K.L.:
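Structure in structure tokens, see below.
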Amino acid sequence: MTFKRLALGASGEELAARHLQACGYRILERNYRRPCGEVDIVADESGTIVFVEVKTRAAGSRFGSPLEAVGRKKQEQLARVAQEYLASHGLHQLPARFDVVGVVLGNREPRLELVRNAFELPFF
């Protein structure tokens with residue numbers, strides 16, 4: 001991954017974290033990594049553990065919308081990491097969900113879109 005792409009992703013994650021906090025989320029972890037993958041942000045919203053995937057794009061990107069990038073394979077990977085997080089922190093009794101934040105950065109103000117309950121998995 002290039003430095004420019006890493007910087008774009010880091011900027012998007014920082015904006016997403018601030019946006020989530022403004023929406024009442026309490027950030028518990030950032031870039032939670034396990035051997036099976038990573039979750040960008042783990043947060044608590046009113047007693048629900050929320051696993052947040054952040055997808056950042058540059059304005060005019062030819063890669064489609066950020067939210068389109070969270071396909072089935074990525075969802076399954078996020079679910080595995082989420083299950084490990086809940087188990088290792090003794091939080092299986094709490095409700096949990098998956099949100100996605102799409103961030104588009106350009107010459108103007110960044111655009112953020114928060115999708116609560118972006119997907120559900122039958123085994124989660």
Side-chain angles (χ1 to χ4, degrees):
M1 205 178 296
T2 67
F3 177 76
K4 185 176 179 180
R5 221 170 127 203
L6 286 172
L8 181 74
S11 296
E13 286 181 20
E14 182 60 33
L15 287 168
R18 284 193 224 149
H19 180 71
L20 292 170
Q21 287 173 317
C23 291
Y25 290 57
R26 184 171 58 93
I27 305 299
L28 303 174
E29 304 259 358
R30 291 189 53 185
N31 304 112
Y32 180 76
R33 289 181 178 87
R34 304 301 305 154
C36 60
E38 174 187 0
V39 172
D40 295 323
I41 298 171
V42 181
D44 177 296
E45 185 194 33
S46 302
T48 297
I49 303 301
V50 185
F51 299 94
V52 183
E53 177 68 8
V54 179
K55 290 296 183 186
T56 307
R57 298 284 186 260
S61 172
R62 64 181 188 274
F63 296 108
S65 87
L67 301 177
E68 292 171 355
V70 186
R72 185 70 181 172
K73 185 176 178 179
K74 183 64 175 178
Q75 292 173 14
E76 290 171 354
Q77 180 239 337
L78 291 168
R80 285 190 296 275
V81 177
Q83 288 174 328
E84 285 193 25
Y85 181 88
L86 294 171
S88 69
H89 289 78
L91 299 174
H92 270 308
Q93 75 283 3
L94 294 178
R97 71 170 195 260
F98 298 95
D99 290 1
V100 175
V101 177
V103 180
V104 178
L105 299 175
N107 296 334
R108 298 184 181 150
E109 287 292 314
R111 288 190 334 258
L112 285 90
E113 181 180 359
L114 169 60
V115 179
R116 289 181 159 99
N117 251 345
F119 60 90
E120 292 183 15
L121 297 172
F123 58 87
F124 191 74

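In this text the structure is predicted, and so the values were computed from the model without any measurement.
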K.L.:
First locate atom CD of E14, then atom OG1 of T56, and finally report the distance between them rounded to the nearest 0.5 Å.
P.N.:
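E14 atom CD to T56 atom OG1 measures 11.5 Å (nearest 0.5 Å).
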K.L.:
Measure the CD-CG distance between E53 and L78 for me, rounded to the nearest 0.5 Å.
P.N.:
5.0 Å
K.L.:
Picking from T48, V50, I49, what satisfies side-chain contact (heavy atoms from CB on, under 4.5 Å) with P95?
P.N.:
T48
K.L.:
Return the CG to CD distance between L28 and E45, rounded to the nearest 0.5 Å.
P.N.:
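So the CG of L28 and the CD of E45 are separated by 12.0 Å.
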K.L.:
Is there side-chain contact between V52 and V42, with at least one heavy-atom pair below 4.5 Å?
P.N.:
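SC-SC contact between V52 and V42 ruled out.
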K.L.:
Mind checking whether F119 and F98 have parallel, tilted or perpendicular rings, split at 30° and 60°?
P.N.:
parallel
K.L.:
Please determine if R111 and E113 form a salt bridge, counting it only when a charged side-chain N lies under 4.0 Å from a carboxylate O.
P.N.:
no
K.L.:
Take Q83 and C36, measure what side-chain contact (heavy atoms from CB on, under 4.5 Å) needs, and give me the verdict at the end.
P.N.:
CA-CA 11 Å; Q83 288 174 328; C36 60; over 6 Å; no
K.L.:
Identify the two heavy atoms, one from V54 and one from A16, that lie closest to each other, and give their separation to 0.1 Å.
P.N.:
CG2-CB, 3.7 Å
K.L.:
What's the spacing between L105 CG and L112 CG if we round to 0.5 Å?
P.N.:
8.0 Å
K.L.:
Excluding sequence neighbours, so at least two apart, what forms salt bridge (Lys or Arg N to Asp or Glu O under 4.0 Å) with E84?
P.N.:
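In terms of salt bridge (Lys or Arg N to Asp or Glu O under 4.0 Å), with neighbours along the sequence ignored, E84 is linked to R34.
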K.L.:
Compare all side-chain heavy atoms of H19 with those of P110 and state whether any distance is below 4.5 angstrom.
P.N.:
no
K.L.:
Looking at CG of D44 and CZ of R26, how far apart are the two atoms once the value is rounded to the nearest 0.5 Å?
P.N.:
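D44 CG to R26 CZ: 5.0 Å, rounded to 0.5 Å.
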K.L.:
Any side-chain heavy atom of I41 within less than 4.5 Å of one from D99?
P.N.:
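Of all side-chain heavy-atom pairs linking D99 with I41, none is under 4.5 Å.
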K.L.:
Might you point out which heavy atoms bring V104 and A58 nearest each other, and give the distance in Å?
P.N.:
CG1-C, 4.3 Å
K.L.:
Got a sec, which residues hit salt bridge (Lys or Arg N to Asp or Glu O under 4.0 Å) with R33, two or more places apart in sequence or on another chain?
P.N.:
E38
K.L.:
Just how far is it from atom CZ of F51 to atom CD of Q75, taken to the nearest 0.5 Å?
P.N.:
15.0 Å
K.L.:
Can you see which heavy atom on V103 is nearest to which on G12, and at what distance?
P.N.:
CG2-O, 3.8 Å
K.L.:
Mark yes or no for whether H89, through its side chain, and Y85, through its backbone, hold a donor-acceptor pair below 3.5 Å.
P.N.:
yes
